2 protein chains.
Amino acid sequence: MKTISDEQKPSLSPRGAEKREKILEGALRVFLAQGYSASMDAIAAEAGVAKQTVYSHFKDKHSLFSALIDRLLDHFLTAGMTQEILLLDAPSFIRKVAQISLSRMDDWEYVSLLRLIIGESGRFPELSELYVARMVKPGIQKLADYLRANDQLRFSDPDAVARIIHGSLINFVISQEIMHGKHAMPMPRERMINSIVDLVLFAGEASKQAS
Amino acid sequence: MKTISDEQKPSLSPRGAEKREKILEGALRVFLAQGYSASMDAIAAEAGVAKQTVYSHFKDKHSLFSALIDRLLDHFLTAGMTQEILLLDAPSFIRKVAQISLSRMDDWEYVSLLRLIIGESGRFPELSELYVARMVKPGIQKLADYLRANDQLRFSDPDAVARIIHGSLINFVISQEIMHGKHAMPMPRERMINSIVDLVLFAGEASKQAS
DNA sequence: TTGTTTTCATACTAACCAGTCTAGCACTTG
DNA sequence: CAAGTGCTAGACTGGTTAGTATGAAAACAA
């Protein structure tokens, strides 16, 4: 998987890498809080680093931004979703997937990243495409593969069902956390999880009998 | 329902209202295309109006932006979703709801508005709350009421099921159009609609028998 | 016509920002 | 110690922006 960022690497020394890390951490806080319109001065200040140092590690603002998103996608990719949950039976599997997805609601970084990628998807289509290619598509693929392989369930279109499950979970995060819907229309996430599990299991079994 | 915008109204004459309309139309094109960071000069130019005229109709940039979003929410609220579809039977009703929701994928203004509201939900939480209160909550409410009233289906938690349906539809729009997923992971919307209808009907009937 | 209101074009302000430059400081390595 | 390398603080350039000011041209009303 190729990376997008084209930052220069002026040093392979441990000191250089350390500064680079500080810059990325500062950029993370500032970009996630203020969006792409955050100023490079603010990022340098937050990182506790001179502005020139930022520009000696990253070509320009766009490169820094891309490198950061790239890094964050990697970070959230590895978090959660081990292989062993594929061994679970259908109810446990779906519940586990839902729990992992919704647990990200508590993660300010994840919620902010999602908002940022959607908000900047007009200006930076590459980034949202990267998000889709690295996070959404593989996730849905694994889910669909499980549904296809499991003989407790039998859907005529497992790919579409995978998207329904995934979509209802992601949209729960968006509407509750990003759009601040948890005040106007609150719903405990366990209720949501239970209904998704029920819906899929009932439908999967009924669909099996009908075929 | 109270409005958010606090623009001044310097004239109640027809000429004034006409200018105000031109300004809002220009602001619509520019804000939806470039986001909130669009410049007031660009908006005035697009509206074919002097910059000063913009400021004589709207207090500042924030007021103009709020007034525009307010207006757009009203516009999309009235479009589609008549009362008579409530008379349809379950399969037709769910299909119709799904078709109406997904038909908005073709509407550049709707897609851009959704991106804008999500993207600016950090800077302008009032706007996303307004969106939730005026569009999402009533929509889900109607859907849940239908599910509750219909005796072909029987869900233990109709509100949660309504959110699942709504979420999978909205997220389909987001992932396909906003995040440009239609290239990397295309799916015909009819396939999505069919699966949602099947899922809900199978589960609704199975759930009924189980109770 | 005369007076009032609105719009127009333009210029201006004060602030902000991306990116560059300079000159000196600090650390590391030979 | 000496040379090299990365870091720092700050100033600077050229450009953009929100919002204001001005003075004249229209549009309208009496």
Side-chain angles (χ1 to χ4, degrees), chain A residues 5-69 116 120 123-124, chain B residues 5-69 116 119-120 123-124 127:
Chain A
S5 60
D6 52 347
E7 79 277 14
Q8 53 236 40
K9 315 221 177 84
S11 83
L12 302 96
S13 69
R15 269 172 37 257
E18 191 184 302
K19 289 290 172 189
R20 203 185 125 89
E21 199 56 27
K22 280 184 73 178
I23 293 168
L24 282 169
E25 275 165 26
L28 181 139
R29 286 192 288 272
V30 177
F31 272 138
L32 289 190
Q34 306 181 25
Y36 184 75
S37 65
S39 80
M40 294 296 271
D41 290 271
I43 291 168
E46 179 71 32
V49 137
K51 196 180 178 183
Q52 190 54 246
T53 308
V54 177
Y55 279 98
S56 74
H57 281 270
F58 299 93
K59 183 173 147 284
D60 53 19
K61 193 180 182 180
H62 183 277
S63 292
L64 173 57
F65 186 66
S66 296
L68 176 68
I69 302 290
L116 192 57
E120 301 297 344
R123 232 187 305 253
F124 303 111
Chain B
S5 61
D6 53 348
E7 79 277 12
Q8 54 236 40
K9 314 217 179 86
S11 85
L12 303 96
S13 68
R15 265 168 43 251
E18 190 185 302
K19 289 291 171 191
R20 190 170 188 277
E21 197 58 25
K22 280 184 72 176
I23 294 168
L24 283 168
E25 276 166 26
L28 180 140
R29 286 192 288 271
V30 177
F31 272 138
L32 289 191
Q34 308 181 26
Y36 185 75
S37 65
S39 82
M40 294 296 270
D41 290 273
I43 291 168
E46 179 71 32
V49 138
K51 194 182 180 181
Q52 189 55 249
T53 307
V54 177
Y55 279 99
S56 74
H57 281 268
F58 299 93
K59 181 173 149 282
D60 54 19
K61 193 179 182 180
H62 182 278
S63 292
L64 172 57
F65 187 65
S66 296
L68 176 68
I69 302 290
L116 193 56
E120 301 298 342
R123 231 185 307 251
F124 303 110
L127 293 183

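Letters go in sequence order (proteins before strands), and every chain restarts at 1. A quick note: this is a predicted structure, and the numbers were derived from the prediction, not measured.
- When the C1' atom of dT28(C) is taken as reference, atom CD of Glu18(A) falls 14 Å away, rounded to whole Å.
- Taking the centre and axis of the six-membered ring of Phe31(B), the NZ or CZ atom of Lys61(B) falls outside the cone set by 45° and 6.0 Å.
- Across all their heavy atoms, Tyr36(B) and Leu116(B) have their closest contact at N-CD1, 4.0 Å.
- The separation between Lys19(B) atom NZ and dC28(D) atom C1' is 14 Å, rounded to whole Å.
- Proximity of Ser56(A) to the phosphate of dC7(D): a side-chain N or O atom is located under 4.0 Å from OP1 or OP2.
- Nearest heavy atom pair, residue Ile43(B) against residue Ile23(B), reads CG2-O, 4.5 Å.
- Considering every non-hydrogen atom in both Asp60(B) and Met40(B), the closest pair reads C-CE, 4.4 Å.
- Residues Ala44(B) and Val54(B) share a closest heavy-atom pair of CB-CG2, 4.0 Å.
- Distance, Lys22(A) NZ to dG6(D) P: 17 Å, rounded to whole Å.
- Partners of Lys51(A) by side chain to side chain donor-acceptor pair (under 3.5 Å), not counting sequence neighbours, listed by chain and number: Asp41(A).
- Distances shown here put every side-chain N or O of His57(A) at or beyond 4.0 Å from the OP1 or OP2 atom of dG6(D).
- Nearest nucleotide to the side chain of Gln52(B), out of dC7(D), dC21(C), dT20(D): dT20(D).
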Problem set entry | Sugar-phosphate or base contact per nucleotide [nucleotides 12-19 of chain D; S, B, -; heavy atom under 4.0 Å] | -----SBB

